[in-house]
Amino acid sequence: MLKVEDINLTDWDFWRRPHDYRHEAFKALRWEPGLVRFEEPDVVIVPQGPGYYALTRHADVVEASRRPQDFCSGKGTINIPDMPGDLHEYFGSMIVMDDPRHAKIRRIVSRAFSPRMIQRFEDKVEAVAAQIAEDVASGAGTGDFVRDVAARLPLKIICDLMGIGEEHYDTVLDATNVILAGNDAEFIPTNDPEQAAMALLGAGQTLKDLVEELGRRRRAEPTDDLTSALVNANIDGESLTDQELGSFFILLVVAGNETTRNAIAHTLDLLTRNPDQRALLVEDFEARMPGAVEEVVRFVSPVIWMRRTATRDTTLNEHQIKEGDKLVLYYWSANRDEQVFTDPERFDIMRDPNPHVGFGGPGPHFCLGAHLARREITVMYRELLRRLPKIHASGEPERLESNFINGIKRLPYSF
């Protein structure tokens, strides 16, 4: 086992190491009696902060998640440094809010996701997945699975339901790639922090401008899309402002597109690496796919962490916490906790129970799109395995250099 003093979660070199090394490092942190503190990353736009505690055990992540009154989101969840002004909210929308604002936005958004709208989602997923599988089946038999399959489904679902035309698909995809680029030089200028910050802001502004213009049109002339439902929703006199609509859209396309895309890509990689599990799945797809989806999300943890901030002096499972302390909830580690999961390094689609935190821990910030993500993964693989039973990854995945998203940029496949 690695020594805790040799582990530095803030250092980008750590996140360039192989996954096996990183899992061993988190195992060492889980077995450390107390909470381990790390220095914050040094970014140019804000002073370096006081540091953060890494929550690596399942019990600690769950407990912090279910106590929003003690461990808040409103000071930032998707950045460890404190971002200036409302910049954290610009990219994070609801996930960086506390009640009552969080409750207001979630209430309005939940109202827009009516039973009729959800049914449209599900019907659309069926149709789009079938078309993607047909396109792949009629192709050359090889290609990039991310481009041909994994990126297409969630992008089209979200854009179509929001009422965003096909001519904007590439714009939306490119912007989300930049926002979740991490330290990947393919998408963001990593050698110049100021240029990197400008690229992030520019990508966010692109998405915000796109949906705000659409929102203005839908207020005047509503249709049956999700944008119309969002901008015209009024609950107890409350409705979304243009700023709130823009931030929610950034969250929707980033969280709903990138994370589901990566889960779909990881699934093919895992089924290829584990032919015994693939055989189990194919043997009884309908009965076993729900468990397979949960195991994929546990095993890969598409979102690696989120941050909370202590609102008062308190304890967390007997750990002493001071007001203002930053806690980073490592879902990636909690989902491999030996105290909760038997043989956690094994990919097992029959795992039961499977109390993973891949969609976030319990509490008000549990992923609003978990149902849709499960649906998209299930339907996509139903169509793929029915039409192309021998489809498999034909090479190693090209991974995103990020400490926040467990991303796959490219994955060769053949059938």
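Computed over heavy atoms, backbone and side chain alike; hydrogens, waters and symmetry mates excluded. FYI, the numbering just counts along the sequence from 1.
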Visitor: Count the heavy atoms belonging to other residues, nucleotides or ligands that lie under 6.0 Å from CG of Asp284, then report whether that count exceeds 12.
Guide: yes
Visitor: If you count the non-hydrogen atoms of other residues, nucleotides and ligands that lie under 6.0 Å from CD in Gln69, is the total more than 12?
Guide: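 More than 12 heavy atoms, drawn from other residues, nucleotides or ligands, come within 6.0 Å of this atom.
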Visitor: Between Arg278 and Thr272, is there a donor-acceptor pair closer than 3.5 Å when you use the side chain of the first and the backbone of the second?
Guide: no
Visitor: Using atom types as modelled and distance alone, determine if a side-chain donor or acceptor of Thr260 lies under 3.5 Å from a backbone N or O of Ala373.
Guide: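 No; judged by distance alone, with no hydrogens or angles, the pair does not exist.
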Visitor: Among all residues two or more places apart in sequence or in another chain, which pass the ring-ring contact (aromatic ring centres under 6.0 Å, His included) test with Phe359?
Guide: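 So Phe359 forms a ring-ring contact (aromatic ring centres under 6.0 Å, His included) with His356.
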Visitor: Flag yes if more than 12 heavy atoms outside Glu221 fall under 6.0 Å of its CD atom; otherwise flag no.
Guide: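 Atom CD in Glu221 is not packed in, count stays at 12 or less.
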Visitor: Does the distance from a Lys or Arg side-chain N to an Asp or Glu carboxylate O, for Asp82 and Lys326, drop under 4.0 Å?
Guide: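 A salt bridge links Asp82 with Lys326.
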Visitor: Taking all heavy atoms of Met97 and all of Ser73, pick out the closest pair and write down the distance.
Guide: O-CB, 3.8 Å
Visitor: Indicate whether the side chain of Ser301 and that of Asn406 have a donor and an acceptor atom separated by less than 3.5 Å.
Guide: no
Visitor: The test is side-chain contact (heavy atoms from CB on, under 4.5 Å); show your working for Phe249 and Glu212 and say whether it passes.
Guide: CA-CA 9 Å; Phe249 179 60; Glu212 284 186 4; over 6 Å; no
Visitor: Going through the checks in order, is the ring-ring contact (aromatic ring centres under 6.0 Å, His included) test met by Phe299 and His266?
Guide: CA-CA 9 Å; Phe299 199 82; His266 277 290; 9.1 Å; no
Visitor: Compute whether any side-chain donor of one residue and acceptor of the other, for Glu258 and Thr176, lie under 3.5 angstrom apart.
Guide: yes
Visitor: For Asp225 and Ser228, which I'm curious about, is there any donor-acceptor pair between the side chains at under 3.5 Å?
Guide: yes
Visitor: Donor-acceptor pair, distance only, cut-off 3.5 Å: does the side chain of Asp325 make one with the backbone of Ala310?
Guide: no
Visitor: Counting C-beta onward and ignoring hydrogens, is there a side-chain heavy-atom pair between Leu316 and Asp60 closer than 4.5 Å?
Guide: yes
Visitor: Of all heavy-atom pairs between Val211 and Leu245, which one has the smallest distance, and what is that distance?
Guide: O-CD2, 3.9 Å
Visitor: Looking at Glu244 and Arg101, is there a salt bridge between them, counting it only when a charged N and a carboxylate O are closer than 4.0 Å?
Guide: yes
Visitor: Is a side-chain N or O of Trp15 found less than 3.5 angstrom from the main chain of Thr10, in a donor-acceptor match?
Guide: no
Visitor: Under a 4.0 Å threshold between the charged nitrogen and the carboxylate oxygen, would Glu186 count as salt-bridged to Arg410?
Guide: yes
Visitor: With the side chain counted from C-beta on, respond yes when Phe341 and Arg336 share a heavy-atom pair under 4.5 Å apart, and no when they do not.
Guide: no
Visitor: Less than 6.0 angstrom separating the ring centers of Phe404 and Trp305, yes or no?
Guide: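 Aromatic pair counts; centres sit under 6.0 Å.
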Visitor: Is there a donor-acceptor pair closer than 3.5 Å between any side-chain N or O of Arg106 and the backbone N or O of Pro364?
Guide: yes
Visitor: Testing Arg346, Arg351, Arg374 one by one against Glu295 for a salt bridge (charged side-chain N to carboxylate O under 4.0 Å, His left out), which residue passes?
Guide: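 When salt bridge (charged side-chain N to carboxylate O under 4.0 Å, His left out) is applied between Glu295 and each of Arg346, Arg351, Arg374, only Arg351 qualifies.
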Visitor: So with a 6.0 Å cut-off around CD of Glu166, is the heavy-atom count from everything else above 12?
Guide: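 Atom CD in Glu166 is not crowded, with 12 or fewer foreign heavy atoms closer than 6.0 Å.
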Visitor: When you measure from the centre of the six-membered ring of Phe366, is the NZ or CZ of Arg66 under 6.0 Å away and within 45° of the axis?
Guide: no
Visitor: Please answer whether the main-chain N or O of Gln339 pairs with a side-chain N or O of Asp337 as donor and acceptor at a distance below 3.5 Å.
Guide: yes
Visitor: So, Arg307 versus Thr309: side-chain donor-acceptor pair below 3.5 Å or not?
Guide: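 On atom types as modelled, these side chains qualify, holding a pair under 3.5 Å.
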Visitor: Between Arg219 and Asp242, does at least one N-O distance fall below 4.0 Å, as a salt bridge requires?
Guide: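 Salt bridge flag = yes for Asp242 with Arg219.
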Visitor: Looking at side-chain heavy atoms only, is the closest gap between Glu323 and Asp70 below 4.5 Å?
Guide: no
Visitor: Check whether any side-chain N or O of Thr227 sits under 3.5 Å from a backbone N or O of Gly215 as a donor-acceptor pair, and report yes or no.
Guide: no
Visitor: What residues form a side chain to side chain donor-acceptor pair (under 3.5 Å) with Tyr381, not counting sequence neighbours?
Guide: none
Visitor: Going by the rule ring-ring contact (aromatic ring centres under 6.0 Å, His included), which residues pair with Tyr169 if we only count those two or more places apart in sequence or in a different chain?
Guide: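 If we apply the ring-ring contact (aromatic ring centres under 6.0 Å, His included) test to Tyr169, skipping adjacent residues, there are no hits.
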Visitor: Should we say atom NZ of Lys104 is surrounded by more than 12 heavy atoms from elsewhere, each under 6.0 Å from it?
Guide: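 Yes, because the 6.0 Å sphere around NZ of Lys104 holds more than 12 heavy atoms from other groups.
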Visitor: For residues Asp148 and Tyr413, is any side-chain donor paired with an opposing acceptor at under 3.5 Å?
Guide: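 A pair is found: one side chain offers a donor N or O, the other an acceptor, under 3.5 Å apart.
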Visitor: Cut-off 3.5 Å, side chains only: do Glu63 and Asn317 have a donor facing an acceptor?
Guide: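 The criterion, which ignores hydrogens and geometry beyond distance, is not satisfied for Asn317 and Glu63.
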Visitor: Distance-only, no hydrogens or angles: does the Asp98 side chain make a donor-acceptor pair with backbone N or O of Pro68 under 3.5 Å?
Guide: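 Absent.
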Visitor: Checking Asp13 now: which residues fulfil side chain to side chain donor-acceptor pair (under 3.5 Å) with it, not counting sequence neighbours?
Guide: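 Side chain to side chain donor-acceptor pair (under 3.5 Å) list for Asp13, sorted by chain: Arg16.
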Visitor: Would you please say whether a donor-acceptor pair under 3.5 Å links the side chains of Glu238 and Asn234?
Guide: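 Checked: Glu238/Asn234 side chains show no N/O donor-acceptor pair below 3.5 Å.
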Visitor: If every non-hydrogen atom of Ile408 is compared with every non-hydrogen atom of Val146, which pair is closest and at what distance?
Guide: O-CG2, 3.7 Å
Visitor: Check for me whether Arg17 meets the cation-pi criterion with Tyr21, that is, NZ or CZ under 6.0 Å from the six-membered ring centre and within 45 degrees of the ring axis.
Guide: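 Yes; both conditions hold, so Arg17 lies above the ring face of Tyr21.
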Visitor: In chain order, what residues pass the ring-ring contact (aromatic ring centres under 6.0 Å, His included) check against His102, with sequence neighbours excluded?
Guide: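 For His102 the ring-ring contact (aromatic ring centres under 6.0 Å, His included) partners, ignoring immediate neighbours, are His365.
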Visitor: Strictly by modelled atom types, are Arg57 and Ser333 linked by a side-chain donor-acceptor pair under 3.5 Å?
Guide: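 Looking only at side-chain atoms, Ser333 and Arg57 do not form any donor-acceptor pair under 3.5 Å.
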Visitor: Inspect the contact between Glu396 and Arg273 and indicate whether a charged nitrogen and a carboxylate oxygen are less than 4.0 angstrom apart.
Guide: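 Glu396 and Arg273: salt-bridged.
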Visitor: Tell me every residue that passes side chain to side chain donor-acceptor pair (under 3.5 Å) with Gln48, counting only those two or more places apart in sequence or in another chain.
Guide: none
Visitor: Can you tell me if Trp12 has over 12 outside heavy atoms packed within less than 6.0 Å of its CH2?
Guide: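 Buried by this count: over 12 neighbours within 6.0 Å.
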Visitor: Using only atom types and a distance under 3.5 Å, with no angle test, would you say the side chain of Asp209 pairs donor to acceptor with the backbone of Thr206?
Guide: no
Visitor: Using 4.0 Å as the upper bound for N to carboxylate O, is an ion pair formed by Glu294 and Arg298?
Guide: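 Between Glu294 and Arg298 there is no salt bridge, as every charged N stays at least 4.0 Å from the carboxylate O atoms.
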Visitor: Please check if atom CG in Asp236 has more than 12 non-hydrogen atoms from other residues, nucleotides or ligands closer than 6.0 Å.
Guide: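 Not buried by this count: 12 neighbours or fewer within 6.0 Å.
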Visitor: Write down the atom of Val296, the atom of Leu270, and the distance for their closest heavy-atom approach.
Guide: CG2-CD1, 4.3 Å
Visitor: Taking the side chain as every heavy atom from C-beta outward, state whether Phe14 and Arg22 have any pair of such atoms under 4.5 Å apart.
Guide: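 Yes, close enough: below the 4.5 Å cut-off.
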Visitor: Do the side chains of Phe71 and Thr311 get nearer than 4.5 Å, heavy atoms only?
Guide: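 Thr311 vs Phe71: side chains apart.
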Visitor: Verify the distance criterion only: is there a donor paired with an acceptor across the side chains of Arg308 and Thr77 at less than 3.5 Å?
Guide: no
Visitor: In terms of side-chain geometry, is the basic nitrogen of Arg375 or Glu126 positioned less than 4.0 Å from the acidic oxygen of its partner?
Guide: yes
Visitor: Taking atom CZ as the centre, does Arg386 end up with more than 12 heavy-atom neighbours from other residues, nucleotides or ligands that are less than 6.0 angstrom away?
Guide: yes
Visitor: Would you say the side-chain atoms of His371 and Glu122 include a donor-acceptor pair closer than 3.5 Å?
Guide: yes
Visitor: Side-chain contact, heavy-atom cut-off 4.5 Å: Leu268 with Val149?
Guide: no
Visitor: Would you call Asn403 and Leu9 a side-chain contact if the rule is heavy atoms closer than 4.5 Å?
Guide: no
Visitor: Is a side-chain donor or acceptor of Ser402 paired with a backbone partner of Ala181 at a separation under 3.5 angstrom?
Guide: no
Visitor: Looking at Asp160 and Lys156, is there a salt bridge between them, counting it only when a charged N and a carboxylate O are closer than 4.0 Å?
Guide: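 Answer for the salt bridge query: yes.
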Visitor: Less than 4.5 Å apart, side chain to side chain, heavy atoms only: is that true for Cys159 and Val172?
Guide: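 Yes, close enough: below the 4.5 Å cut-off.
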